[in-house]
Structures are given as structure tokens and as C-alpha cells.
Amino acid sequence: MAEQITPRADDYGQWYQDVIRAAKLAETSPVRGSMVMPPNGYELWENMRDGLDGMFKATGHRNAYFPLFIPKSFLEKEAEHVEGFAKECAVVTHYRLKEEGGELIVDPDAELDEPLVVRPTSETIIWDTYSRWIQSWRDLPLKLNQWANVVRWEMRTRLFLRTAEFLWQEGHTAHATEQEAVDETRQMLDVYADFAQDWMAMPVIRGVKTASERFPGAVDTYCIEALMQDGKALQAGTSHFLGQNFARAFDCTFQNQDNEPEYVWATSWGVSTRLIGALIMTHGDDAGVIMPPRLAPVQVAIVPITRKNGDNEAVMDAARQMRDDLVADGVRVVLDDRDQYRPGWKFAQYEVEGVPVRLAVGPRDVENGTAEMARRDSGDKEAVSQREIAAHVRRALHEVQQGLYDRALAFRQQHTHTADTYDAFKAQIEEGGFVLMHWDGTAETEAQVKEETKATIRCVPFPGQFSGVDTEAPGTDPVSGAPSAGRVVFARAY
RNA sequence: CGGGGCGUAGCGCAGCUCGGUAGCGCGCCUGCUUUGGGAGCAGGAGGUCGUGGGUUCGAAUCCCGCCGCCCCGACCA
């Protein structure tokens, strides 16, 4: 029997888990909060990684690798950074096990002189390194990225959205001037926003975090925020302007052109496997996940329909010819010739896994020189010519990519509202979605709203992102009655 | 850390109240018939019932301890 997927309307959280399991994107593992990623999930991540990596390189970054283990003392050097991460660090204190009474125990004689922290993020080890690499203004800018795993011992975990170990990239750059570092921070935020929109087909809001939501150790944290189908917001990527905080903590200076020592200006930015969770909750439906074609591990599945007494060779020949044509055209395609599953089973399974375009070819099609092409997003089917299959598939993939984006954008627009009174705000927050409301800029008001409504300020948005709403226009904070410089984006968030 | 739930075959579960030597569905293996939307029949393999102790002639079942996982909150990407 089929994998059961709970309808979204019944229980969105359960739907999310069901979809991940049924589409074989991830599984829980024996260790709390850590996940196994089967090929369906990992290939999706690989495609995200490749897309982003190309964009990083196009903006002048190079990849490097820094160690998993960080001396505990490094984490003590930046006060806010310690404060932010100390509570969720995995720590290695020993380097050997031994057998005692038939079981393995930690050898008490093998204690490390200094405990090692499993990186929750790599600012400290990287800035320790940078302090040795950077001597002169000629060494700047230094723009590196690393693809890595990090560990944060979270209290409560959720597949992809918050796992104890996750895969991510972290960019770390060093600059001679404040302006250059700020420009870098903003540029990388734009890279993330472009990636979300052009690759993931996921519209995002760009903005800056309030002080209370800022990255530990950052001067400013910029972010992209997406809206999930259940009306909750998800922080999908962050780009931090770190000022000279880490340079000071790790004594990283350079000599400027006037032969004077100066502290280096820094940025860091990252996105993680959380993006997979964002993708699932942006596009999925009650039948399963829907992969945006640009990222889909399998873009096209070809299902041959054979018959006991039919001319199966002709069907298979047609299927193989289409596969070859599509491969030649650079399409990621599988020809599913497994005979232990019937066509209906395969149709259902590819829908669960979110393959954007499906082709079916049977005896009738062979006669007509056609194939049945079905779109995952709309369910639309049409008969297309086998001979021009590559062109038809290209068009369909493009339409699915665009269709997913349009649908997600329309959803976000329908679930974005303004509120001018606190009561209206509370009602709107209960409905879900983004709520644009004036804010007096104080942490007190922000905390009060969070306490009373569970909504947080997702960001202070950049101008011009909401049609018909000028978020820059001054007004009055309806919560405190104090003057406000503009509207900010509130939502309940993951 | 608070609240709730659950550990029995690969997966999902029943059996436990009322102790008597373990069962169902899916999956898996073999064969035959099937194949244009999650096939049918027949046969078959597979389990120290999370773990340690206790009660008992006898424990998946009763009692005590421990471990783990999931969900909801607080905290966080």
C-alpha cells in the first residue's frame, strides 16, 4: 500500500514529516536531532550547493576548509559570540575508549588538556587563521567560503529546519574598509535572494534584523525571510556585517597604505540544509513534495507502459530514444524500466518525490508517435511528439519553474497585510502571514509583542518590496503610541 | 527543562486491563496471472517483545530502576 501523507489542512507539522519520509529526503537517525540524507535529499542539496557555489565564485570568492574542532579557548575571545553559542556546543574531552568489564568506557587517562568544541560556526578558527594570513592592505580583501557540517546542540529539533548537525556553507571575508565590508554583506544577501527566487522558485523579503535577533558578535545581520504555507515565516539565509569585533578578538590587523596598523573589517554569511525545509513548505502539496526543475535531482521520469502480449520492444525503443534525446539536451532524466512496479505505482511515487515532469509512453503512443507529458505542479497532461521531446520538456520545465514561483508569490501577497491598531495586528497574526506594522524601534515594544502574540520582527525590510505599501513612511507605533520611522515585518516564525 | 506519547519482524501497529510460550497490515523471497493511475492468487522467510532487576511453576503482559526516540512548549539557523 501507499505511503500515507497527512493532508496539510489536518496537521501541517505531520504533513511535513510525512512528506519527508515518503519522498525519501531524510530520516531520523539513532542520535537525537541528527539525520540521514538518502540520495533524494542529498542530491537536492548537491544541486543547491552547485548553484550557490557558482554564484559565490562569480562574485570573487574561493573555497577553503577549516577544521571541525575548535579549542575551547577560541570561543571565549568574543564576548557576545560566547554568549550566543556556549549553551549549545558539543564538546570533546577525551580521545580514547577502553574495554572494562566487557563494555567500552571512556578512558579516564585519555583526557584532553584543553577540551575541543565541535564547531557551531567557524568565525573563531577562521579569524585565528586570518590574523596570521593578513599583514598588509595588499592581502585584502580576503574572500573565502567553506562547505561544511556544523553542530548545535538544540533543545528541540526538526528535520532540515533545525537539526543538531547540519550541512551549510559559511562565507568569511576580510576587508580594509567598513564600506567595502558592508557592500559585501549586502551583495551576498542579494546572491541569496536571487538564488531563492531563481533556483528555488521561492520569493523572499530582504531586510535587516533587529538587535535582539542579530547574530552573536555581529554589528548588523541582514536576512532573507520566506513565508511558509501554514503562515509561519522562515529565516532562509543570513549575511552578517561583523564590524571589527572578530578582528579585535583575534588581533587581526593590517598595515594600511600610510603604514599604520588597522583592524580588519569582517563579514560572514550562510545558508544551510534548512533551505530544503523551506523548499518543501513553499511548494509541497497533499500528494508530496514538488521540486523546482532547476534543483530537482530528477527532472523527468519516463514510465514505459508495457503489455504482456504487446510490442514491448517498440515501447522500450521509444522510451530509450526520448531518454537519449533528453540526456543530450542536458536534462536530468530517468527511464524507469523496473518491471516489479506497475505504471500507476510509478506515477504515484514520482508525484510523492516531486519530479516536475513525467512522460508516459505505451503502445498507443508508439502508434501515434507521441508521449503523455504530465506536469507535477498543475497535474496537466498533454500528448506531445516524441520527435520533438526535448523542446517540449524544456518548455514544460520552464513553465513549472515559473509556475511554482508565481504561485508562491501570489500566496505570499495574499498573506501579507498591514495593521494600524494593535487589535487588528493580533487578529491578523492569528490568521498567519506577514504583518506590516509600525514599530517605535525599541526592544521593549518588540519584546512585548513577542510575549503577547508570539510574533517576532522578522526584519526591517529594504524599501520597495511591498506593492502599495511604503514601509519607509513614518507613523505611530500602535503598541506604544510612540513615533515610528516605518513599518517592519512581523510574523510567527519557525 | 516542563507537558504528552511511544519502544513487540525492515516499516506501521495489535496483544498488556484479566500472566500460559507472539499476531496483523505493508514491505521482502518464490511461482503463476497481470501492467494507460498505488494489481491478484498461492506458497514462504523473518522477532533474545528497548534494557537491568524483582514477583511467579511460568512475564511482551504485574512491580521497581535505567536508557532511548517522537510530538507540543520555553531557547535557537
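Computed from heavy atoms alone, side chains included, the values below leave out hydrogens, waters and symmetry copies. Below, chain A is the first sequence line, B the second, and so on; all start at residue 1.
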Under the side chain to side chain donor-acceptor pair (under 3.5 Å) test, residues paired with A:Glu399 that sit two or more places apart: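 By the side chain to side chain donor-acceptor pair (under 3.5 Å) rule, A:Glu399 matches A:Arg375.
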Qualifying salt bridge (Lys or Arg N to Asp or Glu O under 4.0 Å) pairs with a residue from residues 280-299 of chain A, counting only residues at least two apart or across chains: A:Arg8-A:Asp286, A:Asp285-A:Arg376
Could you go over nucleotides 29-35 of chain B and give all protein N or O partners under 3.5 Å, atom names and distances?
residue, atom, partner, partner atom, Å
B:U35, O2', A:Thr306, O, 2.9

With a non-hydrogen cut-off below 4.0 angstrom, is [X] in contact with a base, only sugar-phosphate, or nothing?
| X | answer |
| --- | --- |
| A:Gln235 | sugar-phosphate |
| A:Arg358 | base |
| A:Thr273 | nothing |
| A:Phe215 | nothing |
| A:Gln14 | nothing |
| A:Leu234 | nothing |

Counting only Watson-Crick or G-U wobble pairs whose two distances fall under 3.5 Å, which nucleotide matches [N]?
| N | result |
| --- | --- |
| B:C24 | B:G12 |
| B:G36 | none |
| B:C69 | B:G5 |
| B:C18 | none |
| B:G43 | B:C29 |
| B:G52 | B:C64 |

Between [N] ([atom2]) and [X] ([atom1]): distance, integer Å:
| X | N | atom1 | atom2 | result |
| --- | --- | --- | --- | --- |
| A:Phe85 | B:C75 | CZ | P | 17 Å |
| A:Tyr16 | B:C70 | OH | P | 14 Å |
| A:Tyr494 | B:C75 | OH | C1' | 17 Å |
| A:Trp168 | B:A77 | CH2 | C1' | 8 Å |
| A:Arg492 | B:G73 | CZ | P | 10 Å |
| A:Glu213 | B:C75 | CD | C1' | 12 Å |
| A:Leu167 | B:A77 | CG | C1' | 13 Å |
| A:Arg158 | B:C69 | CZ | C1' | 16 Å |

Report the nucleotide, chosen from [options], that has the shortest atom-to-atom distance to any side-chain atom of [X].
| X | options | value |
| --- | --- | --- |
| A:Ala348 | B:G38, B:C72, B:G36 | B:G38 |
| A:Arg364 | B:G36, B:A77, B:C72 | B:G36 |
| A:Asp365 | B:G38, B:G36, B:C71 | B:G36 |
| A:Arg152 | B:G36, B:C75, B:A77 | B:A77 |
| A:Lys381 | B:G37, B:C71, B:C70 | B:G37 |
| A:Arg274 | B:G38, B:C72, B:A77 | B:A77 |
| A:Lys450 | B:C72, B:C75, B:G36 | B:C75 |

Taking for each residue the nucleotide of RNA chain B with the nearest heavy atom, is it A:Ala287 or A:Gly84 whose nucleotide lies nearer the 5' end? A:Ala287
Residue met sooner reading RNA chain B from 5', once A:Ala493 and A:Gly33 are mapped to nucleotides: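 The residue whose closest nucleotide sits nearer the 5' end is A:Gly33.
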Heavy-atom closest contact (A:Glu372 atom, A:Lys381 atom, distance): OE2-CD, 3.6 Å
Test applied, ring-ring contact (aromatic ring centres under 6.0 Å, His included); reference residue, A:Trp269; option that passes from A:Trp168, A:Tyr222, A:Phe56, A:Phe195: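 Option passing the ring-ring contact (aromatic ring centres under 6.0 Å, His included) with A:Trp269: A:Phe56.
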Would you measure the distance from the [atom1] atom in [N] across to the matching atom in [M] and give it in whole Å?
| N | M | atom1 | answer |
| --- | --- | --- | --- |
| B:G38 | B:U34 | C1' | 15 Å |
| B:C72 | B:U30 | P | 41 Å |
| B:G50 | B:G12 | P | 14 Å |
| B:A22 | B:A60 | P | 10 Å |
| B:C6 | B:G20 | C1' | 27 Å |

For A:Phe434, which residues count as a ring pair (Phe, Tyr, Trp, His ring centres under 6.0 Å) partner, sequence neighbours excluded? none
Taking ring pair (Phe, Tyr, Trp, His ring centres under 6.0 Å) as the test, write out the residues that go with A:Phe411, two or more places apart.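 A:Phe411 satisfies ring pair (Phe, Tyr, Trp, His ring centres under 6.0 Å) with A:His415 once adjacent residues are dropped.
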Keeping the roles fixed (side chain from [X], backbone from [Y]), state whether a donor-acceptor pair exists under 3.5 Å.
| X | Y | result |
| --- | --- | --- |
| A:Glu170 | A:Gly270 | no |
| A:His283 | A:Met200 | yes |
| A:Arg274 | A:Gln235 | yes |

Pairs involving residues 14-33 of chain A, ordered by first then second residue, that meet ring-ring contact (aromatic ring centres under 6.0 Å, His included) (sequence neighbours left out): A:Tyr12-A:Trp15
